[in-house]
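So the structure is just underneath, and the comments pick up after that.
Just so it is clear, the structure is predicted and the values come from calculations on it, not from any experiment.
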Amino acid sequence: PDVLTAEVGAQHVALDLVSARTTAEASWRLLAVAVAEPALPRGSLGPLDAALPDLEREASLARVLRDNPDLATAMRELERERAGVAVAHRVMRPDLFLRGEAGWNREHVVDGPVRPIGWQFGLEVGFSLPAVNKNRGGVTAAQAAVGAAEAAVANLRLTLESRFAIEFADYERARAAVQAYRADILP
C-alpha cells in the first residue's frame with residue numbers, strides 16, 4: 001500500500017507539472033498580448049536564489065494609476081468636457097429665430113353653429129438679447145457631460161485599484177511561498 005500511495009502521489013505531481021507548464025505557456029502568451037509583441041521570446045526565471053523585489057504597495061499603485069493608458073484617456077476626455085463647459089458659457093443662441101406651427105383644432109366654435117374651429121396656423125419671430133440669453137441649456141448639458149466624465153474616471157480608478165489589490169495580494173502570497181520554500185521546505 002505504501003508503494004501504491006507513493007506511485008499515486010508521483011502521478012499527481014506529474015499532472016501538476018503538466019498543469020503548471022500549460023499555465024506558464026498561457027501566462028506567457030497573455031503577457032505577449034499585453035505588451036503587444038506576439039513574438040515575445042521566452043525568458044527564464046533566473047537563479048532560484050536571487051532576491052525577490054520587495055514592492056511597496058502605495059508606490060506600485062501610484063505607478064499603475066500614473067501609467068495606465070485607459071485612465072489617461074479618461075482624464076483627457078474629462079478635460080475635453082471641462083473645456084466644453086467653458087465654450088458653452090461663451091456661446092449664445094442664434095440672435096434671430098423663426099418658428100412655425102400648424103394643427104387641427106377640435107374645439108367647437110363658441111358662438112354660432114356647432115362645428116370644430118379647424119386648421120390653425122401660427123408663426124413666431126423673435127430675437128435674443130445677449131444680456132438675457134446665457135445658453136443655460138447648453139451650459140447644463142456640458143456640466144452634465146463633465147459629471148459623467150468625472151464618474152467614468154472615478155469608476156475606472158476604483159476598478160484599477162480593486163484589480164491591483166487582487167494582483168498585489170497574489171504577488172505577496174507567491175513571494176511568501178518562495179521564501180518559505182527557500183528557508184524551510186527545500187533545506
Side-chain angles (χ1 to χ4, degrees), residues 22-23 25-41 53 55-174:
T22 305
T23 302
E25 181 64 29
S27 296
W28 193 260
R29 293 291 160 220
L30 286 173
L31 177 64
V33 168
V35 298
E37 192 173 323
L40 186 67
L55 299 178
E56 189 176 321
R57 186 183 193 293
E58 295 305 319
S60 299
L61 176 61
R63 189 178 68 241
V64 165
L65 292 176
R66 182 189 69 227
D67 296 341
N68 186 277
D70 293 334
L71 189 58
T73 302
M75 293 298 288
R76 282 193 298 274
E77 180 68 20
L78 176 60
E79 290 305 314
R80 187 179 71 78
E81 295 298 344
R82 285 182 177 154
V85 171
V87 169
H89 277 294
R90 291 184 186 91
V91 169
M92 295 288 186
R93 294 182 63 179
D95 289 338
L96 181 64
F97 62 87
L98 177 66
R99 256 184 240 142
E101 63 181 56
W104 180 261
N105 189 345
R106 295 177 186 228
E107 293 180 10
H108 294 289
V109 176
V110 177
D111 48 344
V114 177
R115 64 178 176 83
I117 293 176
W119 285 100
Q120 286 186 328
F121 301 95
L123 183 63
E124 186 178 350
V125 177
F127 61 93
S128 299
L129 296 174
V132 176
N133 182 11
K134 301 287 187 194
N135 191 19
R136 288 192 178 107
V139 171
T140 303
Q143 288 171 340
V146 167
E150 287 173 345
V153 166
N155 183 31
L156 183 58
R157 185 180 296 271
L158 290 174
T159 301
L160 289 173
E161 287 180 11
S162 68
R163 286 175 39 200
F164 175 82
I166 292 168
E167 296 301 325
F168 195 81
D170 286 347
Y171 172 76
E172 288 295 319
R173 276 193 292 276

Should we count CD of Glu37 as having more than 12 external heavy atoms under 6.0 Å? yes
Looking only at non-hydrogen atoms, find the nearest pair between Ala88 and Ala142 and report the distance. CB-CB, 4.1 Å
Does the pair Arg82 and Glu150 meet the rule for a salt bridge (Lys or Arg N to Asp or Glu O under 4.0 Å), with working shown? CA-CA 10 Å; Arg82 285 182 177 154; Glu150 287 173 345; 3.1 Å; yes
Working for side-chain contact (heavy atoms from CB on, under 4.5 Å), residues Leu160 and Arg157: CA-CA 5 Å; Leu160 289 173; Arg157 185 180 296 271; 5.8 Å; no
Are the side chain of Arg29 and the backbone of Glu25 linked by a donor-acceptor contact shorter than 3.5 Å? no
Please report the shortest heavy-atom distance between Ala74 and Leu156, naming the atom on each side. CB-CD2, 4.1 Å
Using 0.5 Å steps for rounding, measure from the CZ atom of Arg57 to the CD atom of Glu172. 9.5 Å
Residue pair Val85, His89: steps toward the side-chain contact (heavy atoms from CB on, under 4.5 Å) verdict: CA-CA 6 Å; Val85 171; His89 277 294; 3.7 Å; yes
What residue among Val64, Thr159, Val153 forms side-chain contact (heavy atoms from CB on, under 4.5 Å) with Leu71? Val153
For the residue pair Tyr171 and Phe168, does the interplanar ring angle fall in the parallel (under 30°), tilted (30 to 60°) or perpendicular (over 60°) class? tilted
Hey, are the side chains of Val139 and Gln143 touching, using non-hydrogen atoms and a 4.5 Å cut-off? yes
For Ser60 and Leu55, the nearest pair of non-hydrogen atoms, with its separation, is OG-CB, 3.8 Å
Taken in chain and number order and not counting sequence neighbours, the residues that satisfy side-chain hydrogen bond (donor to acceptor under 3.5 Å, both in side chains) with Asn68 are none
With distance as the sole criterion, is a donor-acceptor pair present between the side chains of Thr73 and Arg76 under 3.5 Å? yes
